[in-house]
**Student:** 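Attaching a single structure in structure tokens format; questions to follow.
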Protein chains: 2
Amino acid sequence: MKSPRNTTAKTVIQDLIVTSNVALSHSEIQKSLEGLCDRVTIYRVLERLIKEGVIHKIVNVDGVVKYAGCHSCSVKHSHNHIHFSCQKCKSVTCLEDVEPTFKMPKKYIISEMNFTLSGLCPQCS
Amino acid sequence: MKSPRNTTAKTVIQDLIVTSNVALSHSEIQKSLEGLCDRVTIYRVLERLIKEGVIHKIVNVDGVVKYAGCHSCSVKHSHNHIHFSCQKCKSVTCLEDVEPTFKMPKKYIISEMNFTLSGLCPQCS
DNA sequence: TTACTAACGCAACACTGTTGCATTTACAAA
DNA sequence: TTTGTAAATGCAACAGTGTTGCGTTAGTAA
Ligand SMILES: [Mn+2]
Ligand SMILES: [Mn+2]
Ligand SMILES: [Zn+2]
Ligand SMILES: [Zn+2]
């Protein structure tokens, strides 16, 4: 009976990500925490939050990894929405309403999607 | 008048990527070269080939960076096709014919796209 | 052949992410 | 409230990826 525990690190990190209107990177989270916990702990907390369906991971066009809150992923992650990355202010935003459509060749089995666009966000354009 | 030069490293790397039917990572290229040149040189050659519009960079869902040949990018890169990444054989393939459609909110200015799917490729499914 | 400089090799570095292990601590049960 | 268990943490050490500076090599135009 392995029961998950609510630690301060987990609580704070979860709150940071969920209340943010843009996706956050590991280093950005670390700066905000100001030494509250080790950087390894942050990685492990992020891993746990993903497994719990609370947050999801975004790999940007430039390779930078960010994390954002989920809205309806309690059981299983399903993110077929677009992520927008601003080249000026470096912000990454989930566009939950924008879901691309496309026709795949048969024989391909899809289990995960990642749609990332970059350019200028409304604030920067 | 800075004129680009055709070195053996560049020729071999370009040939490797363009003739491959799957995208290649830096480490995969390095293994193929068997010490022909330094790993830093590989990075610099890849950079050059991208700038010349010969190859393009693909950031996978898992963060792994791969490189594939371009087909019609002589002047400016435009890759709005899908990249498929097989979770079993780890191959990354360009699906040049598959271009997603979507409706973006106004005020966003798009300059780059990255569509990556993962799952099982025809060979592995 | 020569001069110029693009391209290279090497060393050193920063950043990201992972792993092992001893220690701490949340929390269920007593 | 106290106690036992193991989930979670801190720390050190490590691997992989990508970058930068600088002295040297080598491609190519003149
Ligand atoms: Mn998202
Ligand atoms: Mn491609
Ligand atoms: Zn912006
Ligand atoms: Zn496969």
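Labels below follow one simple rule: chain letters A, B, ... track the order of the sequence lines, proteins then strands, and each chain is numbered from 1.
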**Student:** As a test of reading the structure: which of C:dG9, D:dC11, C:dA7 is closest to the side chain of B:Arg5, going by heavy atoms?
**Tutor:** C:dA7

**Student:** List every contact pair, protein side and nucleotides 17-21 of chain C side both N or O, where the distance is under 3.5 Å.
**Tutor:**
{"from": "C:dG17", "atom 1": "OP2", "to": "A:Tyr43", "atom 2": "OH", "distance (Å)": "3.1"}
{"from": "C:dG17", "atom 1": "N7", "to": "A:Arg39", "atom 2": "NH2", "distance (Å)": "2.6"}

**Student:** C:dA28 C1' sits how many Å from A:Asn6 CG, rounded?
**Tutor:** 14 Å

**Student:** Report the distance from atom CG of B:Asp38 to atom P of D:dT17, rounded to the nearest whole Å.
**Tutor:** 15 Å

**Student:** Under 3.5 Å, side chain of A:Ser118 to main-chain N/O of A:Gln87, donor-acceptor pair present?
**Tutor:** no

**Student:** To the nearest Å, give me how far apart CD (B:Gln30) and P (C:dC8) are.
**Tutor:** 14 Å

**Student:** Between B:Thr7 and C:dC8, is there a contact of a side-chain N or O with OP1 or OP2 at under 4.0 Å?
**Tutor:** yes

**Student:** Nearest whole Å is fine: how far is C:dA7 P from B:Leu36 CG?
**Tutor:** 16 Å

**Student:** Distance check, rounded to the nearest 0.5 Å: A:Glu28 atom CD versus A:Leu33 atom CG?
**Tutor:** 12.0 Å

**Student:** For the residue pair B:Val61 and A:Val59, establish whether any side-chain heavy-atom pair is separated by less than 4.5 Å.
**Tutor:** no

**Student:** May I have the distance from A:Leu49 (atom CG) to D:dA7 (atom P), rounded to whole angstrom?
**Tutor:** 17 Å

**Student:** Between A:Val98, A:Asp97, A:Thr93, which is the residue that forms a side-chain contact (heavy atoms from CB on, under 4.5 Å) with A:Ile82?
**Tutor:** A:Val98

**Student:** Is the backbone N or O of A:Leu16 less than 3.5 Å from a side-chain atom of A:Ser20, with the two atoms forming a donor-acceptor pair by type?
**Tutor:** no

**Student:** I'd like to know if B:Arg48 reaches the base of C:dA7 with its side chain, counting only an N/O donor and acceptor under 3.5 Å.
**Tutor:** no

**Student:** In whole Å, I'd like the distance from the CD1 atom of A:Ile42 to the P atom of D:dC11.
**Tutor:** 13 Å

**Student:** Could you tell me how the ring of A:His56 sits relative to the ring of A:His83: parallel (under 30°), tilted (30 to 60°) or perpendicular (over 60°)?
**Tutor:** parallel

**Student:** Rounded to whole angstrom units, what separation is found between the CG atom of A:Leu46 and the C1' atom of D:dA8?
**Tutor:** 14 Å

**Student:** Given D:dG10, is OP1 or OP2 found less than 4.0 Å from the side-chain N or O atoms of A:Thr41?
**Tutor:** yes

**Student:** Let me know, please, whether B:Ser27 or A:Lys10 comes out on the 5' side of the other along DNA chain D by nearest nucleotide.
**Tutor:** A:Lys10

**Student:** Could I get the full list of side-chain contact (heavy atoms from CB on, under 4.5 Å) partners for B:Ile110, not counting sequence neighbours?
**Tutor:** A:Phe84, A:Leu117, B:Phe102, B:Met104, B:Met113

**Student:** Whole angstrom is fine here: how far is it from CD in B:Glu28 over to P in D:dG18?
**Tutor:** 12 Å

